[in-house]
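Each remark here refers to the structure printed beneath this line.
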Amino acid sequence: MKFGKHICVILMATATAGSLASCMILFSKSDASILVNRDTTEPLTILTADDTLQASEQLMEIRVRKKHLNRPIRFVSEENVYQELIPGRRIDAFGLLADLYLWEVGLPVDFATGKIYQPAKTTYYVASAPADSCPALPVQDCRLPSPWRPREGRLYRHELRLGAAIGNRMNKASHDELYRRTCRELHLTEDPDAFYCGLGAVVNASASLAYYYHLDRRWAVGLMAGTGGQCYESLASREVAHGQQQESTTYAGDIYSTSWFFIPTVKLHWAFQPAIRFYAKCGVGAMSQHNWFDPANGFRAAHSFDERTWHWAYQLSPVGIEMGKDRLRFYCELGYGHEGVLTMGFSTFF
């Protein structure tokens, strides 16, 4: 028994360590190899952020810690002056996607240790000049533009976007109130023979149109308007045949819900790539929801079971991606609210 407990503790500790680690921590080295070419073959002293090396080859291989790829490398000789080299770094796309796919907390560890990075290039060239004729040469800075800073280019002030979403939120309280009142007053129940293709009333859908005015390259404000719907829910009436004790049901109609929402929205762009921008958005507004019972043929009219109510509406989308350089771009968002959980569409800028 004690041996079994020790095995369980070891397995739990291993699982915990694995969940806190990342793919890059487990399978990637902490340093990277870069090739540096030059015109001379004299002996050199190479000063990196972590080490001092000696080389005499024209094509030199230098190993640099990944988290120090944005620090300068110096080349010192007795006869010539060499450019300082800043290799620069880029994010390893495979490692980033692996961390996101596995939903690991190791992602910030990869950034902190630098293992998420790779050199901006594999081969570099450093120029040289005689020391007695040139006191210094400009630094060769190969650092890529920061992904957290807006890139240069034309700023379009106006944006118009059209999108579709699934998983939009409806006001459940008003829908359930009509559902209960319909069942109570018309003596109905949930239809046991209803077929929802395995979806039930889970997958809602919406379509939206939005306008944004871009204050600068990061911030935009606008208004989003759209309409959404919820999958129908079928009701049935109970019947007991004369002389029989078994109860049967007859389809009576469906409960439907649709909505119109109007949400003032703020959008913040927080990461930038040449043809990709990442953003987050949030907004609070109002929604008009229409709930009604649609009776089946042969069932008595139910005009009183039709109501419209107003409610608060909101949308929070912490992760959005916008792809494209020109006026027409594709976007995709993950969020929660009355627009939806997954939203995709196109936007045009002018």
Nearest 0.5 Å, please: how far is [atom2] in [Y] from [atom1] in [X]?
X	Y	atom1	atom2	answer
Asn171	His311	CG	NE2	3.5 Å
Arg89	Arg71	CZ	CZ	9.5 Å
Lys66	Lys115	NZ	NZ	7.5 Å
Ser234	Leu188	OG	CG	11.5 Å
Met287	Asn168	CE	CG	9.5 Å
Glu79	Glu42	CD	CD	5.0 Å

Beyond-backbone contact of [X] with [Y], side-chain heavy atoms, under 4.5 angstrom:
X	Y	result
Ile263	Glu339	no
Leu342	Cys332	yes
Leu186	Phe305	yes
Lys67	Thr113	no
Tyr117	Asn70	no
Asn291	Ile255	no
His175	Gln289	yes
Tyr256	His290	no

Assess the side chains of Glu307 and Thr309: does a donor N or O sit below 3.5 Å from an acceptor N or O?
-> no

Does the side chain of His158 come under 3.5 Å of the side chain of Tyr211 through a donor N or O and an acceptor N or O?
-> yes

Is it the case that one hydrophobic cluster holds both [X] and [Y], taking links as side-chain heavy atoms less than 4.5 Å apart, direct or via other members?
X	Y	value
Val221	Leu223	no
Trp148	Ile321	yes
Val126	Leu53	yes
Met60	Tyr82	yes
Met323	Trp270	yes

Give me the atom names and distance for the closest heavy-atom approach of [X] to [Y].
X	Y	answer
Pro318	Ala280	O-CB, 3.4 Å
Gln273	Pro147	NE2-CB, 3.5 Å
Ser77	Leu44	CB-CD2, 3.5 Å
Phe293	Ala252	CZ-O, 3.7 Å
Pro145	Arg151	CG-NH1, 3.6 Å
Ala313	Phe261	CB-CB, 4.3 Å

Could you go step by step and tell me if Ile46 and Val36 meet the side chain to side chain contact (heavy atoms under 4.5 Å, CB included) rule?
-> CA-CA 11 Å; Ile46 304 172; Val36 180; over 6 Å; no

When His338 is tested against each of Phe262, Tyr314, Trp260, Trp312 for ring pair (Phe, Tyr, Trp, His ring centres under 6.0 Å), which residue passes?
-> Tyr314

Could you pull out every donor-acceptor pair under 3.5 Å between side chains of residues 177-184 and any protein atom, sequence neighbours left out?
from, atom 1, to, atom 2, distance (Å)
Glu177, OE1, Arg180, NH2, 3.4
Thr182, OG1, Leu178, O, 2.7

Chi angles and distances behind the side chain to side chain contact (heavy atoms under 4.5 Å, CB included) call for Leu35, Leu59 = CA-CA 7 Å; Leu35 297 175; Leu59 181 63; 4.1 Å; yes

Using atom types as modelled and distance alone, determine if a side-chain donor or acceptor of [X] lies under 3.5 Å from a backbone N or O of [Y].
X	Y	answer
Gln83	Leu137	no
Thr227	Ser259	yes
Asp326	Leu328	no
Arg169	Gly340	no

Contacts of Tyr213 that satisfy side-chain hydrogen bond (donor to acceptor under 3.5 Å, both in side chains) - sequence neighbours left out = none

Among residues two or more places apart or on two chains, list those pairs meeting side chain to side chain donor-acceptor pair (under 3.5 Å) that have a residue in residues 120-136.
-> Asp39-Tyr125

Is the count of non-hydrogen atoms from other residues, nucleotides or ligands lying under 6.0 Å from Arg74 atom CZ greater than 12?
-> no

For atom CZ of Arg63, decide whether the heavy atoms of other residues, nucleotides or ligands shown that lie under 6.0 angstrom number more than 12.
-> yes

Go through the steps to decide whether Tyr156 and His214 satisfy the test side chain to side chain contact (heavy atoms under 4.5 Å, CB included), and finish with yes or no.
-> CA-CA 7 Å; Tyr156 293 100; His214 289 258; over 6 Å; no

Verdict with supporting geometry, Trp219 and Leu268, side chain to side chain contact (heavy atoms under 4.5 Å, CB included) = CA-CA 5 Å; Trp219 292 96; Leu268 168 65; 3.6 Å; yes

Does the cation-pi check pass for [X] over [Y], that is, NZ or CZ under 6.0 Å from the six-membered ring centre and within 45° of its axis?
X	Y	answer
Arg329	Phe349	yes
Arg38	Phe75	no
Lys267	Tyr279	yes

The single option from Glu159, Glu322, Glu333 that satisfies salt bridge (Lys or Arg N to Asp or Glu O under 4.0 Å) with Lys281 is Glu333

